[in-house]
Amino acid sequence: MSHEINSIAYVGEKPWHGLGNILPKDQPIEVWAKAAGMEWQIQQAPLEFKAGKEKDAPFVTYEGSQVLYRSDTLKPLSVVSKGYHLVQPRAVLEFFRGLVETQGYELETAGCLKGGRRFWALARMREVMHLPGDDSVEGYLLLATSCDGTLSTSVIPTSIRVVCQNTLHATLENIGIRIPHSRAFDAEYVKSNLSMAKAQWESYVNLMTKASRTKITKQEAIRFFQLALHGEASDGPQETVKLKRKRALEAVQRLYDGAGKGAVLASSKSTVWGALNALTQFSDHERRTRTEDSRLSSAWFGAGARLKQNALEFSMFMVDQTAG
């Protein structure tokens with residue numbers, strides 16, 4: 001089976017995606033780097049091409065671009081412009097060193113995706129949101145980046161619901177700290193602005209608390225699922241919906257109606273929060289993917305992340321509409 005992932009390291013219980021090398025708690029960054037497969041470096045080389053099919057055709061250097069490759073395997077990672085600012089895998093872990101040593105953060109998982117084209121580290125912030133019915137959500141800080149231009153260097157508040165390990169970025173489009181690769185990543189500047197991330201977490205807690213108290217009808221929940229999944233709602237019979245869409249909608253409805261983890265808690269039953277978590281569980285655990293590592297990539301950076309972003313935005317709308 002083809003895997004996109006190089007390695008993952010984690011502490012505590014096995015992550016929801018089921019991947020990784022377990023570590024004891026309180027390990028130094030050096031141990032994390034080895035276990036997470038993040039000891040290698042991104043190297044740069046000129047981009048050359050053979051100008052012709054003849055054996056003696058000359059190689060010509062393309063001045064505007066460069067090839068990035070792994071120092072350990074020499075495998076190419078991407079072709080980027082010469083103005084592309086690199087962030088090394090080890091730098092992602094080093095970002096958390098001071099936060100772990102002096103501010104109580106706890107590294108929980110780190111690793112690489114897509115052969116090393118994307119890499120990240122996730123640390124618990126020791127921020128906990130308590131909702132009705134013993135429902136709790138823990139706050140995390142995710143630092144992720146890429147070396148192929150598909151992802152800015154992003155520092156994002158993230159939440160994990162304890163009862164089901166659903167992951168949901170505590171963010172909308174304008175939240176989080178994102179540094180494009182046209183600029184150098186300044187770790188100290190980002191750390192000096194982490195108070196903003198905590199303020200965003202507080203805003204997220206306020207929104208989700210309201211969502212857990214906002215009751216909705218079954219028909220409102222179905223329309224919510226249709227909009228989040230497909231960008232449109234239909235009042236017609238489900239038989240008219242394409243089979244793939246129908247199966248996705250039925251799966252989310254089943255989770256919402258009681259099959260989902262935590263679906264019967266007071267915070268979730270017939271609430272916007274319950275609808276949001278049904279979609280989140282579908283994205284993280286139920287959607288069909290080729291491998292578990294592609295599931296993780298989708299949930300954090302791809303189609304799954306976009307689905308959860310849609311769901312979060314519709315949650316805000318429904319809470320505001322009800323309040324109004």
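Keep in mind that the numbers below use all heavy atoms, side chains included, and drop hydrogens, waters and symmetry copies.
- In this structure the side chain of Ile8 never reaches within 4.5 angstrom of the side chain of Asn21, judged on heavy atoms.
- Relative ring orientation between Phe185 and Phe95 is described as tilted, the plane-to-plane angle lying within the 30° to 60° band.
- Phe225 and Phe282 have their aromatic ring centers separated by at least 6.0 angstrom.
- No side-chain heavy atom of Tyr69 sits under 4.5 Å from any side-chain heavy atom of Lys75.
- A salt bridge does not link Arg247 with Glu250: every distance from a Lys NZ or Arg NE/NH1/NH2 to an Asp or Glu carboxylate oxygen is 4.0 Å or more.
- A 4.5 Å side-chain heavy-atom check between Leu93 and Met38 finds at least one atom pair inside the cut-off.
- Side chains of Val11 and Trp32 form a contact here, defined as non-hydrogen atoms less than 4.5 Å apart.
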Exercise. Any chance you could lay out the salt bridge (charged side-chain N to carboxylate O under 4.0 Å, His left out) test for Asp284 and Lys308, step after step, and finish with the verdict?
Key: CA-CA 9 Å; Asp284 286 357; Lys308 291 186 285 188; 2.8 Å; yes
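- Inter-residue side-chain proximity for Leu23 and Val31 is flagged as met; some heavy-atom pair is nearer than 4.5 Å.
- Contact check for Val79 versus Gln66: no side-chain heavy atoms found under the 4.5 Å cut-off.
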Quiz item: Please walk me through it: do Tyr140 and Glu108 pass side-chain hydrogen bond (donor to acceptor under 3.5 Å, both in side chains)?
Solution: CA-CA 9 Å; Tyr140 288 78; Glu108 190 157 294; 2.8 Å; yes
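- Between His181 and Tyr84, the ring planes lie parallel to each other; the angle is under 30°, not in the 30° to 60° tilted range.
- Residues Val155 and Leu194 have side chains in contact (heavy-atom distance under 4.5 Å, counting atoms from C-beta outward).
- Looking only at atom types and distance, the side chain of Arg178 has no donor-acceptor partner in the side chain of Thr153 under 3.5 Å away.
- A salt bridge does not link Glu30 to Lys34: none of the charged side-chain nitrogens sits closer than 4.0 Å to a carboxylate oxygen.
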